[in-house]
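Notes follow the structure.
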Protein chains: 2
Amino acid sequence: MKISQLSAASGVSQPTIKLYLREGLLPPGAKTHANQAAYSEAHVRRLGIIRTLTQVGGLSVASAKTVLDAIDSDLPLNWTFGLAQRAASPDVDGTDLSDADLARADDFLAGLTYHDGPGRFGVAKALRAMADAGLEADGAWRESYRKAAEIIGEADIDLIDRREGRLAKAETVVIGTVLGDALLAALRRAAQEHFSSQRYPSRSTETAP
Amino acid sequence: MKISQLSAASGVSQPTIKLYLREGLLPPGAKTHANQAAYSEAHVRRLGIIRTLTQVGGLSVASAKTVLDAIDSDLPLNWTFGLAQRAASPDVDGTDLSDADLARADDFLAGLTYHDGPGRFGVAKALRAMADAGLEADGAWRESYRKAAEIIGEADIDLIDRREGRLAKAETVVIGTVLGDALLAALRRAAQEHFSSQRYPSRSTETAP
DNA sequence: TCATAATGGATAGTTTAGGTATCTATAGTG
DNA sequence: CACTATAGATACCTAAACTATCCATTATGA
């Protein structure tokens with residue numbers, strides 16, 4: 001398969017494919033001559049994953065490369081997990097978090113063990129931002145969120161458990177981490193619509209501009 | 001309060017404040033002279049919300065403007081909801097979704113009423129991306145996600161219900177929509193860490209690079 | 001076979017977004 | 001009255017993600 005066919009099969013333009021080759025997201029094709037290479041179905045599939053990560057998951061090309069490298073490597077699975085989480089999270093350092101910020105997060109996470117990382121720091125940042133914005137979320141709301149997160153986190157780990165082999169598990173970790181965020185956000189919107197229209201039936205048929 | 005003091009009080013640089021004024025995210029100060037204006041505490045607060053939306057919520061400046069306009073307007077609350085959802089979602093049009101994509105989403109959403117919008121379309125896109133990536137999520141996983149989304153969606157609507165007055169409700173809608181996504185993603189990471197370390201205790205202390 | 005089109009690889013250009021720097025006439029301040 | 005600050009306009013900068021143009025070489029088809 002030549003690059004023109006790869007482009008047609010994947011729906012990605014030739015210059016963009018060349019970009020991904022340069023950046024190392026896509027492995028080079030098997031060289032048949034100095035200026036001729038053969039691409040395979042694996043390249044088509046890989047391009048699909050790249051587009052999924054960047055377009056649906058919103059990852060940068062650099063982050064996508066990190067995550068793809070993790071799939072290909074033989075790193076322990078939990079490292080892959082951490083890499084995927086970091087790639088899919090905007091900024092993970094806790095340097096600008098005060099002790100009070102962290103305490104608020106740890107209080108929220110009560111019942112969940114926690115470590116430094118995207119989870120704990122992200123919760124701390126989100127809660128601080130809410131407090132700054134004057135949105136004091138009450139206990140019922142917080143309890144619902146914590147409960148929902150528990151359900152989801154366990155389901156994610158179960159799903160990975162059911163996969164056979166390191167590669168399948170690693171792919172599930174990466175795709176699941178990135179797409180799970182998008183799916184969850186969308187489900188949340190759908191559920192909000194559902195309960196909103198259920199509670200205010202007269203408004204349910206209006207549409208936002 | 002002059003612009004230098006506004007900058008000091010908000011932690012946002014003067015050129016950036018001028019940018020937000022130009023773009024209409026920040027209302028102009030009360031003019032005292034042709035080249036002199038007075039800013040208030042409301043401007044400090046507004047700058048805080050802008051930074052929250054753009055930095056924690058990841059909204060573009062243009063999306064943040066849309067959402068702030070919705071807070072200020074006297075649009076019905078469910079319109080504000082829709083605007084906030086759209087601003088916080090990458091792409092909402094369902095034009096590239098096939099009937100099969102939508103059917104898969106509607107099946108997932110069973111039990112929830114749904115309408116065209118970020119929720120339904122976002123679910124359809126995420127599920128299609130998962131299928132494309134070869135991640136076939138089984139029924140148990142799907143059921144967990146749907147259940148979690150129900151808990152969260154209802155909690156969100158309850159929280160808004162408990163607010164008094166249109167402005168407070170509208171602010172809660174906007175901040176809650178944007179920051180709720182960030183909080184939920186972070187909570188999910190924390191829960192994944194928790195269950196992962198619980199299930200694989202020997203690995204729990206390892207740290208990703 | 002030989003003109004024509006396609007290829008891999010390098011290099012340069014484009015677009016968009018978010019922010020920064022400079023400039024100017026005017027106003028406040030010590 | 002010297003000096004700094006201000007509002008507003010304009011220009012500039014940087015990074016990311018593509019896109020376009022070259023070029024020598026290779027494939028292809030009338």
Side-chain angles (χ1 to χ4, degrees), chain A residues 1-40 43-44 46-68 87-88 90-91 178, chain B residues 1-40 43-44 46-68 87-88 90-91 178:
Chain A
M1 191 187 293
K2 298 174 189 177
I3 198 173
S4 59
Q5 298 166 287
L6 178 58
S7 172
S10 64
V12 178
S13 75
Q14 279 192 40
T16 301
I17 291 175
K18 288 185 176 184
L19 170 72
Y20 295 156
L21 287 168
R22 279 201 302 280
E23 300 293 327
L25 304 215
L26 191 66
K31 280 211 182 176
T32 58
H33 293 278
N35 69 336
Q36 222 71 17
Y39 303 99
S40 66
H43 287 88
V44 180
R46 181 76 166 221
L47 275 174
I49 295 183
I50 293 172
R51 299 303 270 192
T52 291
L53 293 178
T54 55
Q55 301 200 328
V56 183
L59 296 204
S60 67
V61 170
S63 297
K65 176 171 164 49
T66 303
V67 141
L68 289 167
D91 45 352
V178 172
Chain B
M1 191 186 294
K2 299 174 190 177
I3 197 173
S4 58
Q5 298 167 284
L6 178 59
S7 173
S10 64
V12 179
S13 75
Q14 280 191 40
T16 300
I17 291 175
K18 289 187 177 184
L19 171 71
Y20 294 155
L21 287 168
R22 278 203 301 281
E23 300 294 326
L25 304 213
L26 191 66
K31 279 211 181 175
T32 59
H33 294 278
N35 68 336
Q36 223 72 17
Y39 303 99
S40 66
H43 287 86
V44 179
R46 181 77 168 221
L47 276 174
I49 296 182
I50 294 172
R51 299 303 270 192
T52 291
L53 293 178
T54 56
Q55 301 200 329
V56 184
L59 295 206
S60 67
V61 170
S63 297
K65 176 170 164 48
T66 303
V67 140
L68 289 167
D91 45 352
V178 172

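Here is the naming used below: chain letters follow the sequence lines, and residue numbers restart at 1 for every chain.
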Heavy-atom protein contacts under 4.0 Å, nucleotides 11-20 of chain C, coded B base, S sugar-phosphate only, - none: B------SBB
Residue pairs, two or more places apart or on separate chains, that pass side chain to side chain donor-acceptor pair (under 3.5 Å) and touch residues 21-33 of chain A: none
When the distance from [atom1] of [X] to [atom2] of [N] is rounded to whole Å, what number comes out?
X	N	atom1	atom2	answer
Y39(A)	dA6(C)	OH	C1'	12 Å
I17(B)	dA21(C)	CD1	C1'	16 Å
K18(A)	dA10(C)	NZ	C1'	9 Å

Partner set under side-chain hydrogen bond (donor to acceptor under 3.5 Å, both in side chains) for S4(B), not counting sequence neighbours: none
Which residues share a side-chain hydrogen bond (donor to acceptor under 3.5 Å, both in side chains) with T66(A), sequence neighbours left out: none
pair Y20(B)-H43(B): side-chain heavy atoms closer than 4.5 Å: no
Bounds of contact between DNA chain D and chain A, in 5' to 3' order, using a heavy-atom cut-off under 4.0 Å: dA17(D) to dT28(D)
Interatomic spacing from CZ in R46(B) to OH in Y39(B) - rounded to 0.5 Å: 14.0 Å
Nearest-0.5 Å distance, CD1 of residue I50(A) to CD1 of residue I17(A): 9.5 Å
Shortest non-hydrogen contact from L53(A) toward V67(A): CD1-CG1, 3.7 Å
DNA chain D-proximal residues of residues 27-37 of chain A, any heavy atom under 4.0 Å: H33(A), N35(A), Q36(A)
